[in-house]
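Taking it in order: structure first as structure tokens, then the write-up.
Along the sequence shown, the residues carry numbers beginning at 1.
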Amino acid sequence: MKEFFPEIKNIKYEGPKSKEPLSFKYYNPEEKIMGKTMREQLKFAMAYWHTLCADGTDMFGIGTMDKSFGGSSSMEISKNKVYAGFELMNKLGVDYFCFHDRDLVSEGETLADFHRDLEVIVGIVEEQMKEHGKKLLWATANMFSHPRYAHGAGTSCDPDVFAYAAAQIKQAIDIDIRLGGSGYVFWGGREGYETLLNTDMGFELDNMAYLLTMARDYGRAHGFKGDFYIEPKPKEPTKHQYDFDAATVIGFLRKYGLDGDFKLNIEANHATLAAHTFQHELRTAAINNMFGSVDANQGDCLLGWDTDQFPTNIYETTLAMYEIIKCGGFTNGGLNFDAKLRRASARPEDIFYGFISGMDSFALGLRLAAKIIEDGRLDEFVKSRYAGFETGIGADIKNRRTSLEALSDYAFSLGRVGLSSSGRQEYLESLINSVMFG
């Protein structure tokens, strides 16, 4: 079998003092952190679209990277991408991957052409999974790139487009089941509107929920036992997207009775675009019992779009892993590197540098999050901040034994009530620094 990255050897853990750029400094896959190996805790995945398809094209220029992998025809390129992807995963020690249906093959002229070519490539993917012991984290259908989806897919004003989207979802779920995927993701890239002057918002939301319900029912009827995910994103490309943030999606799922089967796939860069922190979106999902999986990347606060950079912000990865550990860790989900190289990083080895930086950043985040939890002072401070709810009137409130009248009478008996305690944010930020770098 041809090697697509012949100059790259298997990436090994060498520790933080290593000067070898093609090595892990913090990710030691078999090392145990809080009772599980780092491999189990982190569950890294390769995003097929950015890793094997994205060629550096942006809104101002054509691609800078050759992603043909030596192929000359469309199907030869598609086949070579499979082999290149599994070689890359093997050399990095990445156990999982994710894809859209259109990442595997070009769409062709008709739906029949698309499904015929998908069948060929999925067969090769299946063989490679068995040969190399890799797993599918989740699959999805690309219902945002083609011009037919300019008005949305599940929220389209055209019933033919809605039906076409349903056919894509059915095929993608069939592939997901065949390959043993543990999740299926919906990212509503065009599910929203530009202006209410031409939009029936209620009708569109009802239709979107109907499509998700049909997908859920079809998947369960055909043996899919994993999680269905919605990935919140506030904008780009659609100005007003119905999946704006975690809280919005949770409200939607509960309204339509889908919260029993659906969880959230939280992306760091999408949190930035929603003017939230990554930690906020993870906590919101977790406290609502809807945390599922993560798209691991980072954005740029100086830019107003989805830059999908490999994550290197250690504060962000530490606080993310703190939230993930505290809510019990991953079940069916994992850390999918929805991240792409910068346009000028055009050499084949650069993708390895990107993955190494991202994997090490989350591995270091895991190590530091474990230190914060084991230190215990942060959790103890939060607990003590609400200690007033353990006795007296606070306990009555906590245990729901009060009434508005009773609380009013109690408040009148207090006299003057002012600020009773300090949030001590500056102390806590200093504490985090001392634990992380002490």
Side-chain angles (χ1 to χ4, degrees), residues 1-14 20-29 38-39 42-56 63-71 76-100 102-105 121-140 179-181 294-297 308-312 334-343 345-363:
M1 179 68 66
K2 173 186 175 183
E3 268 196 282
F4 294 89
F5 307 98
E7 296 180 0
I8 306 296
K9 306 304 179 186
N10 288 354
I11 309 301
K12 304 292 187 182
Y13 170 72
E14 294 189 6
E20 170 54 57
L22 289 169
S23 70
F24 294 120
K25 314 305 184 297
Y26 300 101
Y27 179 56
N28 186 9
M38 298 186 87
R39 183 188 298 274
L42 295 168
K43 293 179 69 176
F44 290 130
M46 177 194 74
Y48 208 101
W49 52 101
H50 281 324
T51 306
L52 301 173
C53 302
D55 65 358
T64 59
M65 308 166 198
D66 180 4
K67 292 295 179 75
S68 68
F69 295 99
E76 186 181 13
I77 291 169
S78 293
K79 292 175 183 178
N80 287 354
K81 283 180 180 179
V82 178
Y83 299 128
F86 278 87
E87 179 186 334
L88 182 141
M89 285 190 283
N90 281 335
K91 290 183 173 180
L92 286 164
V94 169
D95 295 324
Y96 298 87
F97 64 102
C98 306
F99 63 82
H100 304 80
R102 280 190 56 177
D103 299 334
L104 300 183
V105 295
I121 300 302
V122 168
I124 297 172
V125 171
E126 189 172 33
E127 291 171 359
Q128 290 292 293
M129 289 175 69
K130 291 175 181 176
E131 180 178 343
H132 299 290
K134 304 302 180 186
K135 299 176 183 177
L136 176 62
L137 191 68
W138 52 256
T140 187
L179 298 180
V294 166
D295 269 12
N297 59 20
D308 286 338
Q309 297 166 237
F310 278 96
T312 56
L335 286 166
N336 170 50
F337 283 111
D338 184 11
K340 60 188 175 185
L341 296 176
R342 300 305 86 197
R343 191 166 183 268
S345 299
R347 293 183 61 82
E349 65 268 24
D350 287 326
I351 191 62
F352 287 88
Y353 292 131
F355 269 92
I356 289 167
S357 69
M359 293 167 76
D360 264 347
S361 294
F362 266 94

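- Not counting sequence neighbours, Glu76 has no partner by the salt bridge (charged side-chain N to carboxylate O under 4.0 Å, His left out) test.
- Applying the salt bridge (charged side-chain N to carboxylate O under 4.0 Å, His left out) rule to Glu14 yields no partners; only residues at least two apart in sequence or on another chain are considered.
- Atoms OG1 and CG, on Thr51 and Leu88 in that order, are 6.5 Å from each other to the nearest 0.5 Å.
- Remark: Tyr13 engages no residue in a ring-ring contact (aromatic ring centres under 6.0 Å, His included) (not counting sequence neighbours).
- Panel note: side chain Asn80, backbone Phe69; a donor-acceptor pair is recorded below 3.5 Å.
- Under the 30°/60° scheme for interplanar angles, the aromatic rings of Phe310 and Phe337 are found to be tilted.
- Heavy atoms only, all atoms of each residue included: Ala84 and Phe5 are closest at O-CE1, 3.6 Å.
- Interatomic distance, Asp103 CG to Ser78 OG, rounded to the nearest 0.5 Å: 10.0 Å.
- Between atom CE of residue Met129 and atom CG of residue Leu136 there is a gap of 5.5 Å, rounded to the nearest 0.5 Å.
- Residues Gln309 and Arg342 approach most closely at CG-CZ, 3.4 Å, considering heavy atoms.
- With respect to Asp95 and Arg39, a salt bridge is recorded, a charged nitrogen being found less than 4.0 Å from a carboxylate O.
- Scanning for salt bridge (charged side-chain N to carboxylate O under 4.0 Å, His left out) contacts around Glu127 gives an empty result, with sequence neighbours left out.
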Legend entry - Worked check of side-chain contact (heavy atoms from CB on, under 4.5 Å) between Val82 and Tyr48: CA-CA 9 Å; Val82 178; Tyr48 208 101; 3.3 Å; yes
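- Here the closest non-hydrogen pair linking Asp360 and Tyr26 is OD1-N, 2.8 Å.
- Annotation: side chain of Met65 is not in contact with side chain of Lys340 (no heavy-atom distance under 4.5 Å).
- Shown here are the side-chain contact (heavy atoms from CB on, under 4.5 Å) partners of Arg343, two or more places apart in sequence or in another chain: Asp58, Thr64.
- Scored by the ring-ring contact (aromatic ring centres under 6.0 Å, His included) test, Phe24 finds Tyr27 as partners (sequence neighbours excluded).
- Residues Ile356 and Ile11 approach most closely at CD1-CG2, 3.9 Å, considering heavy atoms.
- With sequence neighbours excluded, the residues that form a side-chain contact (heavy atoms from CB on, under 4.5 Å) with Ala45 are Tyr96, Cys98, Leu137, Asn336.
- For the pair Lys67 (side chain) and Ala54 (backbone), a donor-acceptor distance under 3.5 Å is present.
- Here the side chains of His132 and Met89 are not in contact, with every heavy-atom distance at 4.5 Å or above.
- In terms of the ring-ring contact (aromatic ring centres under 6.0 Å, His included) criterion, Phe362 has no residue partners (sequence neighbours excluded).
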Inset, instruction - Verify side-chain contact (heavy atoms from CB on, under 4.5 Å) between Lys134 and Asn90, making sure each step is shown before the conclusion. - result: CA-CA 9 Å; Lys134 304 302 180 186; Asn90 281 335; 3.1 Å; yes
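- The side-chain contact (heavy atoms from CB on, under 4.5 Å) test applied to Lys12 returns Asn10, not counting sequence neighbours.
- Taking Ser361 as the reference, Thr312, Ile314, Thr317 meet the side-chain contact (heavy atoms from CB on, under 4.5 Å) condition, with sequence neighbours excluded.
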Inset, instruction - Verify side-chain contact (heavy atoms from CB on, under 4.5 Å) between Leu341 and Tyr353, making sure each step is shown before the conclusion. - result: CA-CA 9 Å; Leu341 296 176; Tyr353 292 131; over 6 Å; no
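- Shown here for His50 and Ala339, the closest heavy-atom pair between the two residues is CB-O, 3.2 Å.
- Annotation: Lys135, atom NZ; neighbour count of heavy atoms from other residues, nucleotides and ligands within 6.0 Å does not exceed 12.
- Expressed to the nearest 0.5 Å, how far CD of Glu126 lies from CD of Glu131 amounts to 13.0 Å.
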Legend entry - salt bridge (Lys or Arg N to Asp or Glu O under 4.0 Å) assessment of Lys2 paired with Glu87: CA-CA 10 Å; Lys2 173 186 175 183; Glu87 179 186 334; over 6 Å; no
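- Applying the salt bridge (charged side-chain N to carboxylate O under 4.0 Å, His left out) rule to Arg347 yields the partners Glu349; only residues at least two apart in sequence or on another chain are considered.
- Every residue two or more places apart in sequence or in another chain that forms a ring-ring contact (aromatic ring centres under 6.0 Å, His included) with His100 is listed here: Trp49, Phe144.
- In Lys25, the NZ atom is crowded: over 12 heavy atoms of neighbouring residues, nucleotides or ligands sit closer than 6.0 Å.
- Taken to the nearest 0.5 Å, the CG atom of Leu52 stands 10.5 Å off from the CZ atom of Phe97.
- Scanning all heavy atoms of the two residues, the minimum distance from Leu104 to Val122 falls at CD1-CG2, 4.0 Å.
- At most 12 heavy atoms of other shown residues, nucleotides or ligands fall within 6.0 angstrom of atom CD in Glu7.
- Put simply, the side chain of Asp308 reaches to within 4.5 Å of the side chain of Asp338, judged on heavy atoms.
- Between Met359 atom CE and Phe352 atom CZ the span is 11.0 Å, to the nearest 0.5 Å.
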